[in-house]
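Residue numbers start from 1 in every chain, and the chains themselves are labelled A, B, ... in the order their sequence lines are given, proteins ahead of strands. Below, all heavy atoms of this structure are taken into account, side chains as well, without hydrogens, waters or symmetry copies.
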Amino acid sequence: MLDKTFDPAAIQAAIYESWEKSGAFACHPDSAAQPYCIMMPPPNVTGSLHMGHALTFTLQDILTRYHRMKGRDTLWQPGTDHAGIATQMVVERDLEAEQSSRLKLGREKFIERVWQWKAQSGGTITRQLRSLGASPDWSRERFTMDEGLSAAVRRVFVQLHREGLIYRDKRLVNWDPKLHTAISDLEVESRETKGSLWYLKYPIEGRADEFITVATTRPETMLGDTGVAVHPEDERYKHLIGHYAVLPLVGRRIPIVGDEYADPTAGSGAVKITPAHDFNDFEVGRRHNLPMVNIFDRDAKLNDEAPQAYRGMDRFAARKQIVADLEVQGLVAKIDPHTLMVPYGDRSGVVIEPWLSDQWYCDAATLAKEPLAAVERGDTVFVPKSWENTYFSWLRNIQPWCISRQLWWGHQIPAWYGPDGAVFVAETEAEALAAAAKHYGREADLKRDPDVLDTWFSSALWPFSTLGWPERTRELQRYYPTDVLVTGFDIIFFWVARMMMMGCKFMGQVPFKTVYIHALVRDERGQKMSKSKGNIIDPLDLIARYGTDALRFTLTALAAQGRDIKLAESRLEGYRNFATKLWNATRYAEMNGCQRVAGFDPANAKLTVNRWIASAANAAGARVVAALEEYKFNEAADALYQFTWGTFCDWYIEFSKPILTGSDEAAKAETRAMTIWVIERIVHLLHPIMPYITETLWKHIAGESAVMLITAPWPQTSAAADEAAVAEMEWVVNLISAIRTTRSEMNVPAASELAATITEIRPEARGWVETHGEQIRRLARLKSIATGASADAKTALQIVVEGTTVLIDVAGAVDFAKERGRLQKEVATVRAELDKIAKKLGNEQFMTKAKPEAIEEQRERQSDYEATLAKLTAALARIGA
RNA sequence: GGGCGCUUAGCUCAGCGGGAGAGCACUUCCUUGACAUGGAAGGGGUCAGAGGUUCAAUCCCUCUAGCGCCCACCA
């Protein structure tokens with residue numbers, strides 16, 4: 001016998017283990033089945049499960065489980081990302097605690113140490129994925145620094161370099177002065193900051209007491225100024241173009257140039273130009289051949305290019321000092337408060353400094369061409385489609401991708417330098433040496449480039465590197481291109497677009513046919529959850545309190561397209577209760593001896609109730625399938641919830657009670673078989689969303705030896721509804737509802753009057769009421785259903801009586817006047833509705849232009865309301881109003 | 001500055017050219033033999049505001065207000 005409630009914590013681990021051990025997660029590259037493949041976006045190896053993971057992996061698991069049950073050969077490819085900066089930071093923090101450091105250890109030892117860390121702590125996220133019930137093929141788990149994936153990285157790098165799509169360049173990069181590395185535009189987070197706008201006066205050379213005033217938010221960079229720009233048509237400054245200003249504190253002569261970049265309406269209209277420390281100024285400097293003076297070192301402290309007094313100062317300390325010094329000289333015209341966007345490193349949290357350095361770049365603009373065309377052609381479809389705009393706009397304006405990082409943890413760039421600085425890019429050192437020998441005509445000492453690649457470089461290869469590329473493995477041929485990529489929009493740029501580039505380039509095909517973009521899970525204020533904001537809801541905590549299934553169902557039900565998810569805990573409670581409800585329905589079946597009947601075919605059912613529920617179960621199944629095929633996860637969840645609770649438990653189980661306690665053995669047998677058949681059906685349909693409870697119940701009803709639900713075939717859903725049964729049950733349901741609605745009519749304790757009432761509402765039931773008058777009388781007292789019904793009509797009426805008997809007691813307690821008021825109000829409402837409909841039906845244009853169905857619908861509503869009105873009027877008359 | 005999205009019951013959210021929905025919360029009643037993590041009944045909404053299109057608008061269009069997100073080099 002099942003317990004009264006479902007205890008997820010007690011069974012989850014064991015069930016998961018039995019799935020994993022059975023090999024149910026594995027793909028079968030040799031099978032004849034049609035493949036279905038999803039690439040798991042590899043979580044950071046440093047990561048732990050957060051709400052965003054919970055959502056994305058739940059949705060992926062639903063698709064995986066659904067297609068697996070549908071008979072596809074599914075591969076959900078799991079793995080983790082080495083997460084360059086993040087991982088290096090974690091290990092460095094550990095070292096710091098031991099009074100050690102990366103530099104003390106040296107590169108080789110440090111990397112060893114990171115691998116050690118990975119071996120010990122790197123499995124956190126994958127363990128947590130298991131508690132979420134995820135069913136990827138763990139036997140194929142990959143890590144972006146695996147030998148195979150690293151080989152793929154080298155191959156790609158070398159080939160792109162050979163084609164000129166990877167090159168070295170000296171440009172401004174986003175420099176992180178804390179982590180001492182370049183970071184990409186995407187890793188920079190702009191934060192609105194209150195600051196000041198300083199108006200500085202630069203003396204004009206050769207014109208005493210004449211100044212040009214520039215406005216800046218970063219006065220300290222003036223030490224690196226090599227020019228001043230004004231708009232060529234700006235009347236205020238036109239005459240100064242071609243003259244020189246003298247840079248205060250430094251004394252450098254700097255030209256005043258005309259450039260359209262200078263906006264006459266902004267600031268003072270004149271802009272100081274610091275080509276080495278500002279992306280715009282870099283461009284302006286380039287146009288006018290201005291020298292680039294780099295005044296910062298790697299810590300963003302002032303270097304020897306700055307005047308003696310400021311050397312070694314931090315940039316923000318220097319700012320204060322410089323402003324103070326300028327004020328002394330009377331060169332600060334004014335200071336306005338100013339709100340500006342300041343770039344911060346999303347990892348380090350410090351202000352990013354545009355800094356001039358040598359880096360490796362990838363020609364993203366060229367690589368983006370084919371991915372753009374592929375989506376335009378529809379080779380890859382975004383769901384929802386509107387995200388294609390985001391994708392397009394980013395790829396169309398894409399900048400060179402800085403792929404080198406000054407870190408130790410990552411894929412070291414396969415480039416070696418000769419004594420004269422010549423670069424040799426090769427997959428191995430041996431090849432590089434050979435190339436160098438050929439180049440120099442003798443053997444040469446080579447030094448490897450110390451930098452590593454941006455983490456996203458290796459993740460960009462994920463859809464094919466995990467399948468064995470560059471080898472032409474059978475997995476690669478079978479599963480690429482993959483079916484769908486499921487991810488949040490926050491990594492369309494980081495990842496999706498780059499996978500598209502690399503996939504198109506190296507596989508000649510897009511990596512996925514569909515990209516499903518889901519919402520982000522936000523906190524109750526609609527903010528993105530993040531560690532730094534401290535607004536994280538821990539999915540593991542929710543799993544512990546409500547069970548994995550409840551969490552999964554909640555996320556699924558909220559995963560509507562195009563809207564972010566604000567998680568409310570009350571939802572979890574509700575869906576936990578849903579699990580309990582299903583659990584107890586099964587318990588009911590068990591208590592009533594419902595067992596699976598071999599060869600039972602619901603299509604052969606005789607009783608109307610049974611034919612009806614079978615039909616309804618089919619309809620629900622069809623809705624689930626339709627929803628999942630369109631990635632409308634919430635609709636699938638909704639259909640299951642409504643059917644299980646609202647149809648099966650609320651109505652069918654109640655209908656089954658009088659039958660199962662009755663004496664018609666044939667009817668009982670059929671109803672028992674049907675009850676368990678429906679539960680079986682629910683358990684199948686629900687399994688992708690709620691795997692644990694369904695597997696548990698399945699074991700219970702099918703026996704330990706049965707094939708596990710995870711690999712069970714998805715039920716066939718027949719399209720045709722049993723319209724006769726549906727119509728008849730609708731009749732019953734409506735009748736019961738009518739009785740409930742006009743329950744004051746039942747305000748008569750005597751059973752004989754009850755019989756009269758039933759007869760009044762449904763004259764056709766008169767015969768039955770006459771024969772069963774005695775029973776009704778008894779029922780009224782006992783509040784339970786008597787035995788003896790076998791035919792459908794009788795069953796139906798028994799149900800009516802059951803509903804009625806309860807109502808009699810209720811109605812008996814109802815205050816008469818209150819009831820009358822309520823009835824009168826209802827009458828008014830119904831009359832208003834009737835007026836509206838009559839008006840509509842009397843509208844000539846409606847009658848000519850509306851669809852025939854719409855008109856028919858209105859007519860039906862009209863007669864429904866008229867019937868209701870008649871009943872209400874009769875009820876009012878009865879109670880003497 | 002550009003782009004996208006949102007505004008529906010007290011809360012969290014579905015829905016959508018012809019009857020305003022769910023869950024939770026609330027009110028009343030019910031320890032009935034699956035389930036009190038339950039059952040029954042009920043209250044609560046000019047579907048943000050203003051215009052327009054239409055026989056008909058919560059839904060389509062325009063504008064306004066508020067909120068959110070993404071992108072962007074504005075000194």
Side-chain angles (χ1 to χ4, degrees), chain A residues 2 4-6 185 190 197-198 214-218 229 261-263 265-274 278-283 338 340-341 354 386-387 389-390 393-394 397 489-490 492-493 520 522 524-528 546 550 554 557-558 560 562-571 573-592 634-635 638 641-642 646 649-650 653-654 657 661 740-741 743 782-784 802-803 806-807 809-810 813-814 822 833 836-837 840 843-851 853-855 857-858 860-861 864-865:
Chain A
L2 290 169
K4 260 191 165 183
T5 52
F6 171 52
D185 297 348
S190 292
L197 188 58
W198 284 270
V214 297
T216 180
T217 55
R218 300 199 55 196
Y261 164 66
D263 178 354
T265 65
S268 63
V271 198
K272 60 193 268 316
I273 301 297
T274 324
D278 183 284
F279 289 97
N280 291 311
D281 293 8
F282 182 81
E283 296 302 325
H338 186 71
L340 71 163
M341 301 299 276
S386 55
W387 287 111
N389 293 328
T390 307
S393 70
W394 191 68
N397 301 308
F489 62 82
D490 51 335
I492 290 182
F493 308 135
L520 248 45
R522 298 179 185 280
E524 68 281 355
R525 285 173 308 183
Q527 287 190 314
K528 198 169 165 176
Y546 298 102
T554 305
L558 291 174
R563 189 170 181 161
D564 289 338
I565 297 173
K566 281 191 256 168
L567 199 66
E569 216 171 296
S570 63
R571 283 276 186 143
E573 221 172 294
Y575 295 130
R576 188 263 328 263
N577 296 352
F578 173 62
T580 309
K581 189 76 178 174
L582 174 63
W583 183 265
N584 277 291
T586 312
R587 189 162 176 264
Y588 165 82
E590 190 183 29
M591 291 170 77
N592 284 283
N634 58 319
E635 289 185 12
D638 199 51
Y641 187 95
Q642 296 303 337
C649 291
D650 284 352
I653 286 187
E654 294 307 324
K657 283 175 181 172
T661 54
R740 283 175 179 170
T741 313
R743 63 163 195 250
L782 297 177
K783 291 201 287 188
S784 70
E802 184 196 24
V806 175
L807 291 168
D809 281 355
V810 176
V814 171
R822 202 183 63 77
E833 282 302 320
K836 261 162 78 179
I837 296 167
K840 213 167 237 178
N843 184 324
E844 205 174 304
Q845 279 164 313
F846 173 70
M847 296 307 283
T848 51
K849 293 195 181 177
K851 288 185 212 142
E853 305 95 85
I855 296 173
E857 235 174 77
Q858 294 299 326
E860 277 171 25
R861 287 185 56 214
D864 284 353
Y865 275 121

Under the 3.5 Å rule, do the base of C35(B) and the side chain of Lys4(A) count as making a donor-acceptor pair? no
To the nearest Å, give me how far apart [atom1] ([X]) and [atom2] ([N]) are.
{"X": "Arg576(A)", "N": "A36(B)", "atom1": "CZ", "atom2": "P", "answer": "12 Å"}
{"X": "Phe489(A)", "N": "C4(B)", "atom1": "CZ", "atom2": "C1'", "answer": "10 Å"}
{"X": "Phe578(A)", "N": "C35(B)", "atom1": "CZ", "atom2": "P", "answer": "18 Å"}

Please check the phosphate of U32(B) (OP1 and OP2 only) for any side-chain N or O of Lys657(A) closer than 4.0 Å. no
Does Asn577(A) place a side-chain N or O at less than 4.0 Å from the phosphate oxygens OP1/OP2 of G38(B)? yes
Name the pairing partner of G38(B), where a pair is Watson-Crick or G-U wobble with both distances under 3.5 Å, or state none. C30(B)
Is there a Watson-Crick or G-U wobble partner for G66(B) with both distances under 3.5 Å, and if so, which one is it? C6(B)
Does Phe279(A) reach a base, just sugar-phosphate, or nothing at all? Heavy atoms under 4.0 Å. nothing
Between A57(B) and U46(B) - C1' atom distance, rounded Å: 14 Å
Say we look at G45(B) and G21(B): how far apart would their P atoms be, to the nearest angstrom? 14 Å
Determine, step by step, whether Glu590(A) and Arg587(A) satisfy the salt bridge (charged side-chain N to carboxylate O under 4.0 Å, His left out) criterion, reporting the C-alpha distance in whole Å, the side-chain angles of both residues, the deciding distance to 0.1 Å, and the verdict. CA-CA 5 Å; Glu590(A) 190 183 29; Arg587(A) 189 162 176 264; over 6 Å; no
Ion pair Lys836(A)/Glu833(A), N-O distance below 4.0 Å: yes
For the atom pair OH (Tyr865(A)) and CD (Gln858(A)), what is the distance rounded to the nearest 0.5 Å? 10.0 Å
